Asks: 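This is the structure I have questions about; it appears just below.
Just so you know, these numbers come straight off a predicted model, no measurement behind them.
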Amino acid sequence: MAREPGRPLRADAQRNRDKILAAAVRVFTEDGLDAHFERIAREAGVGTGTLYRNFPTREALIEAAHRNEVVQLCDAVPGLLAALEPREALRVWMGRFIDYATAKTGLADALRAVVASGADPYTHSHALMREAIGTLLAAGAAAGTVRSDVGADDMFATLAGIALTSARPEQRAQAERLLDFTMDGLRPGLVK
């Protein structure tokens with residue numbers, strides 16, 4: 001039985017859905033388009049019927065897994081800003097963004113298949129990312145520790161570029177240096 005749109009899931013159903021999404025990310029990251037629903041269900045500890053009830057198509061599962069990862073990344077912003085100074089929160093989040101982006105290289109093929117099917121998993125995700133980045137930049141600007149003339153779109157493009165050039169684990173040190181260079185460029189007073 002399908003649930004009504006907008007109606008929240010029962011706690012056990014939400015736990016199953018979360019386990020399916022986490023397993024899907026792992027399996028699609030490892031196997032790409034060769035990922036099997038049966039393996040995802042097994043790794044999630046649910047039956048294939050539960051998986052198909054939640055995600056009737058491969059595309060729906062891939063898109064939901066991608067979106068869930070983005071939401072988790074973006075939902076971390078308020079906690080980071082509550083625990084850290086804005087500049088430090090931005091730097092920590094940037095590192096998490098690189099972790100997210102580079103860990104999902106196997107998922108990229110699966111996402112391309114979703115796009116080829118006519119869906120657009122990126123528009124909503126990019127909007128969430130820009131909002132998260134904008135919140136971090138605004139907090140840093142308000143604290144006087146980050147330039148106020150840098151927009152979320154420019155920062156998103158910068159981070160995406162760093163992720164693209166640092167996709168392999170052995171390139172992580174380079175990514176960290178690039179993030180530090182970026183933070184140096186965000187210091188207020190550098191532009192006259």
Asks: Tell me the closest heavy-atom pair linking F37 and F55, and the distance in Å.
Replies: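 Scanning both residues, the minimum pair turns out to be CE2-O, 3.7 Å.
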Asks: With no hydrogens and no angle check, is any side-chain donor or acceptor of R187 less than 3.5 Å from a backbone partner on R147?
Replies: no
Asks: Between the side chain of R58 and the main-chain N/O of H36, is any donor-acceptor distance below 3.5 Å?
Replies: no
Asks: Which atoms form the tightest heavy-atom contact between I20 and I40, and what is the distance?
Replies: O-CG2, 4.0 Å
Asks: Identify the heavy atoms of L128 and C74 that sit nearest to each other, and give their distance.
Replies: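 Taking every non-hydrogen atom into account, O-SG, 3.5 Å.
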Asks: Given side-chain contact (heavy atoms from CB on, under 4.5 Å), test T57 with Y52 step by step and report yes or no.
Replies: CA-CA 7 Å; T57 66; Y52 279 106; over 6 Å; no
Asks: Are any non-hydrogen side-chain atoms of D18 and R15 less than 4.5 angstrom apart?
Replies: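 D18 does not reach R15 side chain to side chain.
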Asks: Between F28 and L61, is a side-chain contact (heavy atoms from CB on, under 4.5 Å) present by the stated rule, with each step listed?
Replies: CA-CA 10 Å; F28 280 114; L61 177 57; 4.0 Å; yes
Asks: Residues in side-chain hydrogen bond (donor to acceptor under 3.5 Å, both in side chains) with D34, at least two apart?
Replies: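 D34 satisfies side-chain hydrogen bond (donor to acceptor under 3.5 Å, both in side chains) with no other residue.
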Asks: Applying a strict under-4.5 Å side-chain criterion to I, L, V, M, F, W and Y, I'd like to know whether M155 and L164 cluster together.
Replies: no
Asks: Out of curiosity, T165 OG1 to Q171 CD, how far, rounded to the nearest 0.5 Å?
Replies: 7.0 Å
Asks: Does a side-chain heavy-atom distance below 4.5 Å link L159 with T182?
Replies: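 A side-chain contact is absent here, since even the closest heavy-atom pair is not under 4.5 Å.
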Asks: Kindly determine whether M94 and I162 satisfy side-chain contact (heavy atoms from CB on, under 4.5 Å), including the steps that lead there.
Replies: CA-CA 10 Å; M94 288 167 53; I162 292 170; 5.7 Å; no
Asks: Would you please say whether a donor-acceptor pair under 3.5 Å links the side chains of T50 and R53?
Replies: yes
Asks: Once salt bridge (charged side-chain N to carboxylate O under 4.0 Å, His left out) is applied, do any residues pair with R39, and if so which ones, sequence neighbours excluded?
Replies: E30, D31, E43
Asks: Mind checking what makes salt bridge (charged side-chain N to carboxylate O under 4.0 Å, His left out) contact with E176, not counting sequence neighbours?
Replies: R91, R172
Asks: Is atom CD of Q72 surrounded by more than 12 heavy atoms (other residues, nucleotides or ligands) closer than 6.0 Å?
Replies: yes
Asks: For T158, enumerate each residue passing the side-chain hydrogen bond (donor to acceptor under 3.5 Å, both in side chains) test, keeping only those at least two apart in sequence or located in another chain.
Replies: none
Asks: Determine, for E63 against R67, whether the closest basic-nitrogen to carboxylate-oxygen distance falls under 4.0 angstrom.
Replies: yes
Asks: Tell me every residue that passes salt bridge (charged side-chain N to carboxylate O under 4.0 Å, His left out) with D153, counting only those two or more places apart in sequence or in another chain.
Replies: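 Here the qualifying residues are R130.
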Asks: Excluding sequence neighbours, so at least two apart, what forms ring-ring contact (aromatic ring centres under 6.0 Å, His included) with H126?
Replies: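 H126 satisfies ring-ring contact (aromatic ring centres under 6.0 Å, His included) with Y122, F156 only.
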Asks: Give, for atom CZ of R177 and atom CG of L179, the distance between the pair rounded to the nearest 0.5 Å.
Replies: 11.0 Å
Asks: Quick one: does any side-chain atom of W93 pair with a main-chain N or O of A132 as donor and acceptor, under 3.5 Å?
Replies: no
Asks: Just checking Q174: does its CD atom have more than 12 heavy atoms from other residues, nucleotides or ligands closer to it than 6.0 angstrom?
Replies: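 For Q174, atom CD is crowded (more than 12 foreign heavy atoms under 6.0 Å).
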Asks: What distance do L186 atom CG and L136 atom CG have between them, rounded to the nearest 0.5 Å?
Replies: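 Result: 11.0 Å between the selected atoms.
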Asks: Between A143 and P86, what is the shortest heavy-atom contact and its length?
Replies: CB-CG, 3.9 Å
Asks: Show the numbers, then the answer: is there a side-chain contact (heavy atoms from CB on, under 4.5 Å) between E38 and L51?
Replies: CA-CA 9 Å; E38 293 77 17; L51 190 150; over 6 Å; no
Asks: Is any side-chain heavy atom of M129 closer than 4.5 Å to one of V70?
Replies: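 Touching, per the 4.5 Å side-chain cut-off.
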Asks: Please report the interatomic distance CD(E88) to CE(M183), rounded to the nearest 0.5 Å.
Replies: 9.5 Å
Asks: Could you report the tightest heavy-atom contact between A24 and A65, atom names first, then the distance?
Replies: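 A24 and A65 have their closest heavy atoms at CB-CB, 4.1 Å.
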Asks: Please report the shortest heavy-atom distance between L81 and A89, naming the atom on each side.
Replies: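 For L81 versus A89, the nearest heavy atoms are CD2-CB, 3.8 Å.
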Asks: Rounded to the nearest 0.5 Å, what's the gap from CG on L90 to CG on L84? Could you check?
Replies: 11.0 Å
Asks: Output the distance between atom CG (N16) and atom CG (L21), rounded to the nearest 0.5 Å.
Replies: 11.0 Å
